[in-house]
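Just below is one structure, and these are the notes that go with it.
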Amino acid sequence: MSKDKSAKIPTPQAVRGTQDMLGDFADRFAHVVDAFERVRRLYGYKRIEVPVIEPTAVFARSLGETTDVVSKEMYSFEDRGGESITLRPEFTAGIARAYITNGWQQFAPLKVATHGPLFRYERPQKGRYRQFHQLDAEVLGSDSPLADAELLVFADQLLKELGISEGVTLTLNTLGDAASRDAWRAALVDHFEAHRSDLSEDSLARLDKNPLRILDSKDPNDRPIADSAPDIDAYLTGEAQNFFGAVTSGLDAAGVAWERNARLVRGLDYYRHTAFEFVTDRLGAQGTVLGGGRYDGLIEALGGPPTAAVGWAAGIERLAMLLDEPKADLLNVIMAVEDDLAIPAAQNIIAAFRLNGLSADMVATGSARKRYDKATKINAHVLMSLRWVDDQPVIRTQSATQNDVLMQAQKILDGLGYHNA
RNA sequence: GCGAUCAUAGCUCAGUUGGUUAGAGCGCCGGUUUGUGGUACCGGAGGUCGCGGGUUCGAGCCCCGUUGGUCGCCCCA
């Protein structure tokens, strides 16, 4: 048979920054989501689903129309009706929109959780993809520091249950209320203006666009200036101080370790009070595993009623990378069908196993003599072989240990009238 | 948007200062052996050397471009 190479169909490539997952990593991913779903129920967070696509205005308005994020880093397109649509780059804005448009105020305070894909047009690197996935938890319609503390305890328990709290630190700061924040911001601008000549080029640009960001600059020349900048503490109103104190004492009461990071900031104006990140040095340049804070100004910015809210999100891929051991599902039974004549018997048995809740699979392709060898390479609790002797299936089962699965399988076989050789 | 680095079989890789017909291990398919917790041996299939140009008598190797991966900067909702 001759192949006409000029007629070869070119294979489309995957879109840059997207991932196909199989095996080990897919198992880790699923394990993270399973743990999240389990813990979220323990804290009484309702599962919600929100659309992957939203009108562009949902994100443009919440993030500020002119920021780099909106102008360069969103997947936006016009649909056939001429409306500007954006693939969600985060959960919070879409959930806030849903809160307003569905009248969820009636349920306030509302505790919700979700997870799924997000899209950002960024240059891919370790722990950063164009389609990525997050876990998300929010409390809408609560201005109580109890909500902040609960969300943090929830996050901490999730990381502990995933076994990755070692080497991950909760860093915490307060941005105060609107008055505190404005006063601090003005003081920072004064400070940086005074050191203008020593700042890096990047930080000079930040001074105009987003002065708080100079605080976490990585440029070694900026560090002394950033480190000597005033903390927010001197500018906090009494109310803001009390709020932060209530959050930290809630953490202490629940036994959650935390560190103050007075340099931890958020660029957007709608953030108030609590800001936090669980950080690690095990993920290269992408140090944040889980982050969030209080965004009391957001729902109003989207045209809703003034509504206090707080939440966090965590990258599933990043959490999956930190897991120690792959958590693969171990198959209960693997069957080596060593003769094609035994296939009907194998189908009969495997159907019974599955109906009775035992996971099972068979090897019945390739060289008949080598099927057993193949089956031994598939990790399973029980290895079963079917041969065909004197018009009868000859069955052997074996297991590394006498376990429940073997006994269950034996019972099912007995019920079908098959007997071990 | 900027920079570094990489791209050879399904996978992991080797491939000499540019020189016959591009190799290995694993995996896959088949045969022989063994005959039951991963046997051993033999054979086979599988490659536009990411893609497109260029230099050269000759390019997997050198040059330019491009696409993609990886890592960092920027950004970080």
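In what follows, every chain begins at residue 1, and chains take the letters A, B, ... in the order their sequences are listed. Remember, it's a predicted structure, so these values are computed and weren't measured experimentally. We use all heavy atoms of the structure for the numbers below, so side chains are in, but hydrogens, waters and symmetry mates are not.
- The distance from atom CG of A:L162 to atom CZ of A:R28, rounded to the nearest 0.5 Å, is 11.5 Å.
- For B:U67, neither phosphate oxygen OP1 nor OP2 lies less than 4.0 angstrom from any side-chain nitrogen or oxygen of A:R16.
- Nucleotides of RNA chain B nearest to A:G17 and A:K374 differ in position, and the one nearer the 5' end is that of A:K374.
- Here B:G35 presents its C1' atom at 14 Å from CG of A:L383, a figure rounded to the nearest Å.
- Distance alone, capped at 3.5 Å, is enough to place a donor-acceptor pair between the A:T280 side chain and the A:G167 backbone.
- Between A:Q125 and B:G72 there is a side-chain polar atom (N or O) within less than 4.0 angstrom of OP1 or OP2.
- Nucleotide B:U36 holds its C1' atom 15 Å from the CD1 atom of A:I334, rounded to whole Å.
- A:R128 comes within 4.0 angstrom of a base, heavy atoms only.
- B:A40: Watson-Crick or G-U partner is B:U32, with both key distances under 3.5 Å.
- For A:K218, taking side-chain heavy atoms from C-beta onward, the closest of the listed nucleotides B:A77, B:C73, B:U70 is B:C73.
- The nearest heavy atom of RNA chain B to A:R387 and to A:E90 marks one nucleotide each, and the one closer to the 5' end goes with A:R387.
- Across all strands shown, B:A7 forms a Watson-Crick or G-U wobble pair with B:U67, both key distances being under 3.5 Å.
- Among the atoms of the strands shown, base atoms are found under 4.0 Å from some heavy atom of A:E338.
- For B:C75, the OP1/OP2 oxygens have a side-chain nitrogen or oxygen of A:R206 closer than 4.0 Å.
- Closest to the side chain of A:K126, out of B:A77, B:U36, B:G72, is B:G72.
- Following rounding to the nearest Å, A:R88 (CZ) and B:C76 (P) show an atom-to-atom distance of 22 Å.
- In this structure a side-chain-to-backbone donor-acceptor pair under 3.5 Å is missing from A:T237 to A:S180.
- The CE atom of A:M321 sits 10 Å away from the P atom of B:U70 (whole-angstrom rounding).
- A distance of about 14 Å separates the C1' atoms of B:G15 and B:A9, rounded to the whole Å.
- With a cut-off of 3.5 Å on both pairing distances, the Watson-Crick or G-U wobble partner of B:C62 is B:G54.
- For the pair A:D231 and A:R260, the salt-bridge criterion is not met [side-chain N within less than 4.0 Å of a carboxylate O].
- For A:Q134 and B:C76, the CD to P distance is 15 Å, given to the nearest whole Å.
- Across all strands shown, B:G1 forms a Watson-Crick or G-U wobble pair, both distances under 3.5 Å, with B:C73.
- Between A:R266 and B:A77 there is a side-chain N or O to OP1 or OP2 distance below 4.0 Å.
- A:R387 places no side-chain N or O within donor-acceptor distance of the main-chain N or O of A:E338, the cut-off being under 3.5 Å.
- Taking atom P in both B:C62 and B:G25, the straight-line distance is 27 Å, to the nearest Å.
- Taking the side chain of A:N210 as heavy atoms from C-beta on, and the options B:U39, B:G31, B:C76, the nearest nucleotide is B:C76.
- The nearest whole Å value for the distance from the CE atom in A:M74 to the C1' atom in B:G1 is 17 Å.
- Separation of the P atoms belonging to B:C64 and B:C41 is 47 Å when rounded to the nearest angstrom.
- Residue contacts for A:E122: at a heavy-atom cut-off of 4.0 Å it reaches a base atom on one of the strands shown.
- Rounded to whole Å, the separation between the C1' atoms of B:U39 and B:U34 comes to 6 Å.
- The separation of B:U55 from B:A14, taken at their C1' atoms, amounts to 27 Å, rounded to a whole angstrom.
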Step by step, work out the side chain to side chain contact (heavy atoms under 4.5 Å, CB included) result for A:D148 and A:R294.
CA-CA 7 Å; A:D148 306 52; A:R294 180 162 277 280; 2.7 Å; yes
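- As judged by a 4.0 angstrom heavy-atom cut-off over every strand, A:G284 is placed among residues touching the sugar-phosphate backbone only.
- Of the nucleotides present, none pairs with B:A14 by Watson-Crick or G-U wobble criteria with both distances under 3.5 Å.
- Nucleotides B:U70 and B:G50 place their C1' atoms 15 Å apart, quoted to the nearest Å.
- A:S228 contributes a side-chain N or O that, together with a main-chain N or O of A:I225, makes up a donor-acceptor pair within less than 3.5 Å.
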May I have the step-by-step check of side chain to side chain donor-acceptor pair (under 3.5 Å) for A:E317 and A:Q19, ending in yes or no?
CA-CA 10 Å; A:E317 287 87 348; A:Q19 321 171 73; 3.1 Å; yes
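- Heavy atoms of A:Y295 sit nowhere under 4.0 angstrom from any nucleic acid atom.
- Side-chain atoms of A:K370 and base atoms of B:G31 include a donor and an acceptor less than 3.5 Å apart.
- Going from atom CD of A:E201 over to atom C1' of B:C2 covers 12 Å, rounded to whole Å.
- Taking atom P on both B:G58 and B:U20, the two are 15 Å apart, rounded to the nearest angstrom.
- Rounded to whole Å, the separation between the C1' atoms of B:A4 and B:C74 comes to 15 Å.
- Under 4.0 angstrom from either OP1 or OP2 of B:C75 there lies no side-chain N or O belonging to A:K72.
- Atom CZ of A:R123 is separated from atom P of B:G3 by 9 Å (rounded to the nearest Å).
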